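Numbering of residues begins at 1 and proceeds along the displayed sequence. Everything quoted here is computed from the prediction, not taken from an experiment.
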Amino acid sequence: NILRQSVENIMRNWTTAIPTIVVMAIILTMFNGLFSISVHAKTAIQNLEQKFSITIYLKDNSDPFEIGALITELEKRGDVIKPITYTSKEEAWKLMSKTFSLDSDLLNKYKFSLPASLTITPKNPKDVEVIEAFLNTKAKNLLAQPYDSKDKQKNITYKMTEFIQNMRDTLFKTIVLFILFFVIGGTLLLSSTIHLAISSRHREIAIMKLIGAHHSKIILPFVGEGIILSILAYILNLILLIIIPFGDIDSKLQINVLLFEFIVIVGLGALVSYLATRITCNIKN
């Protein structure tokens, strides 16, 4: 009987119910789109962070044992990704000759040589300054020149990482604002729809109150209406997500997000409908 009355309320006020369903579904779909972009941005940041590295050049007379101790100490740090790559002078020579197809005889003629180096990958580009301070303090006698990250911060990888990080932060704030917008907008839409439904049945409600009907007999049909509207909006959202996919996301994560959305929208529909009915019908405990 409650379900039947809820459906009748929706059918009776379909001109208000349909826009409510559509608007709520569109907001949910936009939230899914922003969430998808945020996930892809996070993945891009992680990939770029793994490619961002610091290269320090060592003195020609550096003690191999001191170099090994430095590598061990660096790998123990929580802000560095293992392993630390050591490139000797000979390996640097071979790599440069292979990369640029240089004439080794010409290089030998001009006594050109490359120093040995260490390649360090920080877990986060923001940790560069801390690692820099450590190198300039603990490995000062090994460095060919003091390490300075100011010029390296101009590296395109770092700039791209910084840009995407800012984008992800912006997206996170936007998602939070969208959630607030959805809660506020959904509350206004649902409360208006329930208010109209109550207005269309004000005589029946007045009679029920006069004959002493229990509060639940009055409230539950409207609560059911709010839940049905929320479920229909959620279903329409799923249809829109099928029509307009937002890229591949881990299936488990996607299911968790959809489950979270379902709980929120149904809970919101039930709570707003309950409060709107009690306030509009002036029902007291």
Side-chain angles (χ1 to χ4, degrees), residues 24-56 71 74-87 95 99 117-135 147 149-183 185-186 233-265:
M24 291 177 67
I26 290 174
I27 295 174
L28 277 178
T29 304
M30 293 176 69
F31 170 78
N32 278 279
L34 285 172
F35 179 79
S36 176
I37 294 172
S38 178
V39 170
H40 291 319
K42 183 178 180 180
T43 302
I45 289 172
Q46 291 174 345
N47 291 335
L48 285 174
E49 286 175 349
Q50 292 174 359
K51 294 177 181 178
F52 179 76
S53 61
I54 301 168
T55 300
I56 61 171
I71 292 173
L74 282 169
E75 289 183 342
K76 288 180 180 179
R77 294 178 61 88
D79 52 6
V80 172
I81 298 175
K82 298 180 182 179
I84 306 297
T85 304
Y86 171 70
T87 305
L95 181 61
T99 303
S117 63
L118 291 179
T119 302
I120 306 165
T121 304
K123 288 187 176 178
N124 191 314
K126 294 180 180 179
D127 297 327
V128 168
E129 292 183 5
V130 179
I131 298 172
E132 170 191 336
F134 169 80
L135 291 170
Y147 181 78
S149 65
K150 291 181 180 178
D151 292 335
K152 292 178 173 58
Q153 286 178 352
K154 297 177 183 178
N155 183 287
I156 187 170
T157 304
Y158 182 85
K159 286 296 182 181
M160 185 61 70
T161 303
E162 188 177 35
F163 168 75
I164 297 179
Q165 181 67 54
N166 291 336
M167 184 178 69
R168 186 174 68 173
D169 292 341
T170 302
L171 283 171
F172 175 76
K173 295 176 183 177
T174 305
I175 288 174
V176 172
L177 289 175
F178 248 84
I179 293 175
L180 292 175
F181 174 72
F182 172 74
V183 171
Y234 181 78
I235 292 172
L236 179 58
N237 164 59
L238 294 179
I239 294 172
L240 291 174
L241 289 177
I242 294 173
I243 297 174
I244 314 172
F246 292 105
D248 295 331
I249 300 179
D250 180 70
S251 57
K252 185 177 180 180
L253 178 62
Q254 184 68 58
I255 291 172
N256 289 337
V257 172
L258 291 175
L259 181 61
F260 169 76
E261 289 178 352
F262 180 78
I263 294 172
V264 169
I265 193 171

Identify each donor-acceptor pair in which a side-chain atom of residues 24-33 lies under 3.5 Å from a protein atom, sequence neighbours left out, and give them as a table.
{"unit_1": "Thr29", "atom_1": "OG1", "unit_2": "Ala25", "atom_2": "O", "d": "2.8"}
{"unit_1": "Thr29", "atom_1": "OG1", "unit_2": "Asn237", "atom_2": "OD1", "d": "3.0"}
{"unit_1": "Asn32", "atom_1": "ND2", "unit_2": "Leu28", "atom_2": "O", "d": "2.8"}
{"unit_1": "Asn32", "atom_1": "ND2", "unit_2": "Glu261", "atom_2": "OE1", "d": "3.2"}
{"unit_1": "Asn32", "atom_1": "ND2", "unit_2": "Glu261", "atom_2": "OE2", "d": "2.8"}

Mind checking what makes side-chain contact (heavy atoms from CB on, under 4.5 Å) contact with [X], not counting sequence neighbours?
X	result
Thr85	Thr87, Thr119
Lys173	none
Ile37	Leu171

**Item:** Residue list, ring-ring contact (aromatic ring centres under 6.0 Å, His included) with Tyr234, at least two apart or on another chain
**Value:**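 In terms of ring-ring contact (aromatic ring centres under 6.0 Å, His included), with neighbours along the sequence ignored, Tyr234 is linked to Phe262.
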
For the atom pair CG (Leu177) and CG (Leu34), what is the distance rounded to the nearest 0.5 Å?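 One gets 10.0 Å once the value is rounded to the nearest 0.5 Å.
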
Using a 4.5 Å cut-off on heavy atoms from C-beta on, say whether the side chain of [Y] contacts that of [X].
X	Y	result
Leu253	Phe35	yes
Leu258	Leu238	yes
Ile71	Leu118	yes
Leu74	Ile120	yes

Exercise. Is the count of non-hydrogen atoms from other residues, nucleotides or ligands lying under 6.0 Å from Tyr86 atom OH greater than 12?
Worked result: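 Counting neighbours around OH of Tyr86, more than 12 heavy atoms of other residues, nucleotides or ligands fall under 6.0 Å, so yes.
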
Looking at residues at least two apart in the chain, or sitting in another chain, which of them share a salt bridge (Lys or Arg N to Asp or Glu O under 4.0 Å) with Asp79?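 Arg77.
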
request  = Kindly give the heavy-atom pair with the smallest separation between Lys82 and Glu75, and that separation in Å.
outcome  =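 The answer is CE-O, 2.9 Å.
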
